[in-house]
Asker: 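The structure is given below, and queries will be raised subsequently.
What's counted below: heavy atoms across the whole structure, side chains too, no hydrogens, waters or symmetry copies.
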Amino acid sequence: MATTEQFILGEEHRTLDERCRLSIPVGMLQLLSGGETKDCILAKERPGCLSLWAANIWEEKLQEGVELIQKKMQMGRLEGRLEQVQMLGRLLSTRHTSVSLAGRGRLVLPEGFRDFLGVEPGGEIVIVGAAVCVELWNPKHWYNYLNEQISAYRQLFEELSQ
């Protein structure tokens, strides 16, 4: 699995400006892009959450998965699963988009992604380092997610670090 060399960590609160721009924290941006590229992929993760990936990492991960599914189709291993393949195609068509970061790490949130996030211009967004990507959260969804997951932290850390 392609990853960044260092974990992207941290939690920052930012405001979406009137032109639907959001400034990504410099430290997170440097870890995300390795300081080389400003091309990223913005993806819908779960209601109220978008993720921002380095384009090369996202594209490698996506291409591997798509090629595997295409091979399964060619081998007839997905017979009778046309509806699932169509659903996957729909989600692939709408789940992610390429974005470029402007000066000072500013990102313009496209309309459909802003609607999915549920934040209007002037609204707050929580930016979270999620180890291998940067996540953009609607604050309400972030605090709900955090409250549901925080009790599993110690066990998860121990499992992954053994």
Asker: Could you list the residues that satisfy side-chain contact (heavy atoms from CB on, under 4.5 Å) with Gln84, not counting sequence neighbours?
Answerer: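 Counting only residues at least two positions away or on another chain, Gln84 forms a side-chain contact (heavy atoms from CB on, under 4.5 Å) with Arg81.
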
Asker: About how many Å separate OH of Tyr145 and CH2 of Trp137, when rounded to the nearest 0.5 Å?
Answerer: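 If we round to the nearest 0.5 Å, Trp137:CH2 and Tyr145:OH are 6.0 Å apart.
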
Asker: Please name the pair of heavy atoms, one in His13 and one in Tyr143, separated by the smallest distance, quoted to 0.1 Å.
Answerer: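 In terms of heavy atoms, the two residues are closest at CE1-OH, 2.8 Å.
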
Asker: Keeping Arg95 on the side-chain end and Lys44 on the backbone end, is there a donor-acceptor pair under 3.5 Å?
Answerer: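 Yes, because the side chain of Arg95 sits within donor-acceptor range (under 3.5 Å) of the backbone of Lys44.
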
Asker: Could you go step by step and tell me if Leu16 and Glu120 meet the side chain to side chain contact (heavy atoms under 4.5 Å, CB included) rule?
Answerer: CA-CA 7 Å; Leu16 189 64; Glu120 296 294 325; over 6 Å; no

Asker: So which of Glu67, Glu60, Lys61, Glu59 actually passes side-chain hydrogen bond (donor to acceptor under 3.5 Å, both in side chains) with Gln63?
Answerer: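 The side-chain hydrogen bond (donor to acceptor under 3.5 Å, both in side chains) with Gln63 is passed solely by Glu67 among Glu67, Glu60, Lys61, Glu59.
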
Asker: Under 4.5 Å between side-chain heavy atoms, counting indirect links through other Ile/Leu/Val/Met/Phe/Trp/Tyr residues: same cluster for Leu136 and Phe116 or not?
Answerer: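 Linked within one cluster.
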
Asker: With a cut-off of 6.0 Å (strictly less than), are more than 12 heavy atoms of other residues, nucleotides or ligands near CD of Gln149?
Answerer: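 Result for CD/Gln149: enclosed.
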
Asker: Mind checking whether Val85 and Met73 have side chains closer than 4.5 Å, heavy atoms only?
Answerer: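 Touching, per the 4.5 Å side-chain cut-off.
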
Asker: Which word best sums up how the rings of Trp58 and His96 line up, parallel for under 30°, tilted for 30 to 60°, or perpendicular for over 60°?
Answerer: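 Trp58 and His96: tilted rings.
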
Asker: When rounded to the nearest 0.5 angstrom, what distance separates CZ in Arg114 from CD1 in Ile125?
Answerer: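 Nearest 0.5 Å value for the CZ-CD1 distance: 9.5 Å.
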
Asker: Working to the nearest 0.5 Å, report the span between CE of Met75 and NZ of Lys71.
Answerer: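 Separation between the atoms: 9.5 Å.
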
Asker: Go through the structure and list residues passing side-chain contact (heavy atoms from CB on, under 4.5 Å) with Gln86, not counting sequence neighbours.
Answerer: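 In terms of side-chain contact (heavy atoms from CB on, under 4.5 Å), with neighbours along the sequence ignored, Gln86 is linked to Leu82, Arg90.
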
Asker: For the hydrophobic clusters of this structure (ILVMFWY residues joined by side-chain heavy atoms under 4.5 Å, transitively), does one cluster hold both Trp53 and Leu92?
Answerer: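 Yes, Trp53 connects to Leu92 through the hydrophobic network.
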
Asker: For the backbone of Arg21 and the side chain of Arg106, can you confirm whether one donor and one acceptor N or O come within less than 3.5 Å of each other?
Answerer: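 The answer is no, because no donor-acceptor pair under 3.5 Å joins these two groups.
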
Asker: What distance do Leu42 atom CG and Leu109 atom CG have between them, rounded to the nearest 0.5 Å?
Answerer: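 So the gap between those two atoms works out to 6.5 Å.
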
Asker: Does any part of the side chain of Ile57, heavy atoms only, come nearer than 4.5 Å to the side chain of Leu32, both counted from C-beta?
Answerer: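 When only atoms from C-beta onward are counted, Ile57 and Leu32 do not touch, as no gap falls below 4.5 Å.
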
Asker: Side chains of Trp142 and Leu146, heavy atoms from C-beta outward: is any pair under 4.5 Å?
Answerer: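 They are in side-chain contact.
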
Asker: Assess the side chains of Glu159 and Gln155: does a donor N or O sit below 3.5 Å from an acceptor N or O?
Answerer: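 Yes, Gln155 and Glu159 have a side-chain donor paired with an acceptor closer than 3.5 Å.
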
Asker: What heavy-atom pair brings Ile41 and Ser98 nearest, and what distance separates the two atoms?
Answerer: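 For Ile41 versus Ser98, the nearest heavy atoms are CD1-OG, 3.6 Å.
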
Asker: For the atom pair CG (Leu31) and CD1 (Ile8), what is the distance rounded to the nearest 0.5 Å?
Answerer: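 One finds 5.5 Å between CG of Leu31 and CD1 of Ile8.
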
Asker: I need the Ser23 OG to Ile127 CD1 distance, nearest 0.5 Å.
Answerer: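 So the gap between those two atoms works out to 7.0 Å.
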
Asker: Is it true that the side chains of Glu135 and Ser51 contain a donor and an acceptor less than 3.5 Å apart?
Answerer: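 Distance-only check fails for Glu135 and Ser51.
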
Asker: What are the two closest non-hydrogen atoms of Cys40 and Leu52, and how far apart are they?
Answerer: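 Taking Cys40 first and Leu52 second, the nearest heavy atoms are CB-CD1, 3.6 Å.
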
Asker: Could you tell me if the side chain of Val128 sits less than 4.5 Å from the side chain of Val134, heavy atoms only?
Answerer: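 They are not in side-chain contact.
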
Asker: For the pair Asp39 (side chain) and Ser100 (backbone), establish whether a donor and an acceptor sit closer than 3.5 Å, ignoring hydrogens and angles.
Answerer: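 Pair absent, no side-chain N/O of Asp39 close to backbone of Ser100.
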
Asker: So does Arg14 pair up with Glu12, basic N to acidic O under 4.0 Å?
Answerer: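 Looking at Glu12 together with Arg14, the answer is yes, because their closest N to O distance falls below 4.0 Å.
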
Asker: Please tell me if the side chains of Pro121 and Asp17 come closer than 4.5 Å, counting only heavy atoms from C-beta onward.
Answerer: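 Result no, sub-4.5 Å side-chain heavy-atom pair not found.
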
Asker: Side chains of Val99 and Val108, heavy atoms from C-beta outward: is any pair under 4.5 Å?
Answerer: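 No; the side chains remain at least 4.5 Å from each other.
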
